[in-house]
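So the structure is just underneath, and the comments pick up after that.
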Amino acid sequence: MIPSADALLAGLDEQQRVAAEALVGPVCMLAGAGTGKTRAITHRIAYGVATGAYTTSRVMALTFTTRAAAELRGRLRELGAGGVAARTFHSAALSQLNFFWPQVVGGQTPSLLDGKARLLGHVAERLKLKLDTATLRDVAGEIEWRKVSGIGFDAYARSLEERGLPGRLTAEQAVELQQGYEKLKDERHQIDFEDVLLTVAGMIEQEPSVAMQVREQYRFFVVDEYQDVSPLQHQLLNLWLGGRHEICVVGDASQTIYSFAGARAEYLLEFPSRHPDATVVRLEQNYRSTQTIIDAANRLMRGRAGALMLHAAASEAPSKAPITVTAHPNDMAEARGVAQKILELIAAGARPEDVAVLYRINVQAAALETALTEAGISYQIRGSKRFFELPEVKQAVMSLRAASVSISGEPLFKSVSDVMRGLGWSQSPPETRGAVRERWESLNALMGLVDQAAPGTTFRAFTDELMERQASQHEPTVAAVTLATLHSAKGLEWDNVYIVGASEGLVPINYAKTPEQIDEERRLLYVGVTRARLRLALSWAETGAGARAPRERSRFLAEMERPAAPGSRTPGAGSAARS
């Protein structure tokens, strides 16, 4: 049964209701973590349809992932607004491109690349550059950042001093690769995902008939996760609007974690100044987490631009479980400590699917996989291949196995490190982010296993154990603990969350140098903290795989533990324990 207009408002809190009833003109919903923003968005649209303010075919709801778009469509359908288009920016633009290309350009729309690495590989061959897959992936990321940021090659070259070079390329080579990529793509009559947005924007700007048809089709826009909008997406959105102000934006500056990909939180923060007549609504009543967790999250973000001060709904999350911070001697001890806590939690009645372990980089999953397997706990990895399925790990295991047949009598570290250096490993990590860094982390994790090997372990015995580790992986069941990076956990929630690796060099990551980069790391931890409903535990290891120097606990932990004001102490992270 389709709910009535009054029923659509009945289940909303005061601020959600204000947003739902603001159907005309610019609206800015500043929606904190767990404050029911999807509910507010969908009920606002459905209320507009139910009251006759909106025609379903003239409303466009935009978000950033196909999963989020599907969720919006499902909820709108249940609320009687199933005709509303809920799409990603790229999906909406691609639909328009396919429709208008035959009219404006003629002929068949160029084919869409499903990835950039292969084409970049061909360009590298033309330039006589020998590049590994990781470097090609990093160059692909640089192409995407440059294009969505709306800068040319000269400006991009100047930006490399601050951004850092992909792989071991020079600035000249990085630019030549990108220029060659664009040329070869045009020769083959192909376009990439950024071209889709650029081309549609160009058509609307240059073809009055296209602009008229687009603006006639969609009159009302709702943009979720507005803090993640890039300059290119912002430009296209303004072209879709065509000077009109029928737009509702929803976002949280504290959850801006994709600046490296071009996201600009200032579009959200500056929305009220660009639209002085905007209705601004602050959603700060959190329906997800306990007040203990919320207080720690608030302390982490206090004083930051656009930070919202959350408070728990009175009827929600009765648990008073304290936040724990635990130190461990090394990564494996940390992983086993977390696995033991999860085992105890499940024994006490918790469901595995209500538990998540979050980490900063993919390679941290390796120790967790081992520890959970040892404990007999099923798990699933979200948004990543399992460690032993990574191409660089497969290659390394095969190379080590082959070498172990003919090499004997040398110290284990020398035998293994000689092979790993041939695959690109070095004792010092690359001062860069992206796929090259992730590849090094994977190889370094394998090197870390040398430190864990029993004294006297031979090269052959070491590779035997590696092969056993590789073979013992099993497909997880549905009732499984989730392993996820902090980035891939965004938009999700669990009753019980463990955040591992809360140390300097991981959170914040060691290549985050500038104040802006450190702030992004802070926001990333904030996202992780606010995924927890009932229980939150943070931990860190004093030494890591292949590390020769001890780690220090993350600077953010002290901020989360700090009292809100002098002379008072709100519930928060408990005292650190050592295991």
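Scanning all heavy atoms of the two residues, the minimum distance from Leu62 to Ala92 falls at CD2-CB, 4.1 Å. Across all non-hydrogen atoms, the minimal contact from Arg282 to Ala307 is NH2-O, 3.9 Å. The two residues Gln517 and Lys513 make their nearest non-hydrogen contact at OE1-N, 2.7 Å. Looking at every heavy atom in both residues, Glu194 comes nearest to Leu232 through O-CD2, 3.9 Å.
Classified by interplanar angle (parallel below 30°, tilted 30° to 60°, perpendicular above 60°), the ring pair Tyr54/Phe220 is tilted. In this structure, Phe260 and His487 have perpendicular ring planes: the angle between them is above 60°, well past the 30° mark.
Using modelled atom types, one side-chain atom of Gln364 and one backbone atom of Arg360 make a donor-acceptor pair closer than 3.5 Å. Distance alone, capped at 3.5 Å, places no donor-acceptor pair between the Arg288 side chain and the Gly36 backbone. Judged by distance alone, with hydrogens and angles left aside, the side-chain atoms of Glu144 form no donor-acceptor pair with the main-chain N or O of Ala261 at under 3.5 Å. At distances below 3.5 Å, at least one donor-acceptor pair connects side-chain atoms of Asp195 with backbone N or O atoms of Asp192.
The CZ atom of Arg158 sits 13.5 Å away from atom CZ of Phe153, with the distance rounded to the nearest 0.5 Å. If you take CZ on Arg304 and CZ on Arg522, they are separated by 3.5 Å, rounding to the nearest 0.5 Å. Atom NE2 of His43 is separated from atom CG of Leu79 by 4.5 Å, given to the nearest 0.5 angstrom. Once rounded to the nearest 0.5 Å, the distance linking CG of Leu310 with CD of Glu284 reads 6.5 Å. To the nearest 0.5 Å, atom CZ of residue Arg274 and atom CG of residue Leu269 are 9.5 Å apart. Here the OG-CZ distance, from Ser254 to Arg523, works out to 8.0 Å after rounding to the nearest 0.5 Å.
When the shell of 6.0 Å around CZ of Arg58 is examined, it contains more than 12 heavy atoms from other residues, nucleotides or ligands. By the neighbour-count criterion of 12 heavy atoms within 6.0 Å, atom CG of Asp277 is densely surrounded, having more than that number from other residues, nucleotides or ligands.
Ion pairing of Arg17 with Glu21 is present here, as a side-chain N (NZ or NE/NH1/NH2) and a carboxylate O approach within less than 4.0 Å. Ion pairing between Arg146 and Glu182 holds under the 4.0 Å rule for side-chain N and carboxylate O.
There is a side-chain donor-acceptor pair under 3.5 Å between Tyr156 and Gln178. Using a 3.5 Å distance cut-off with no hydrogens or angles, the side chains of Trp240 and Gln96 do pair a donor with an acceptor. The closest side-chain donor-acceptor pair between Glu14 and Gln16, if any, does not fall under 3.5 angstrom. Side-chain atoms of Asp252 and Tyr226 include no donor-acceptor pair closer than 3.5 Å. Residues Ser273 and Glu270 have side chains that never bring a donor and an acceptor to within less than 3.5 angstrom of each other.
In this structure, Phe64 has its ring center at least 6.0 angstrom away from the ring center of His90.
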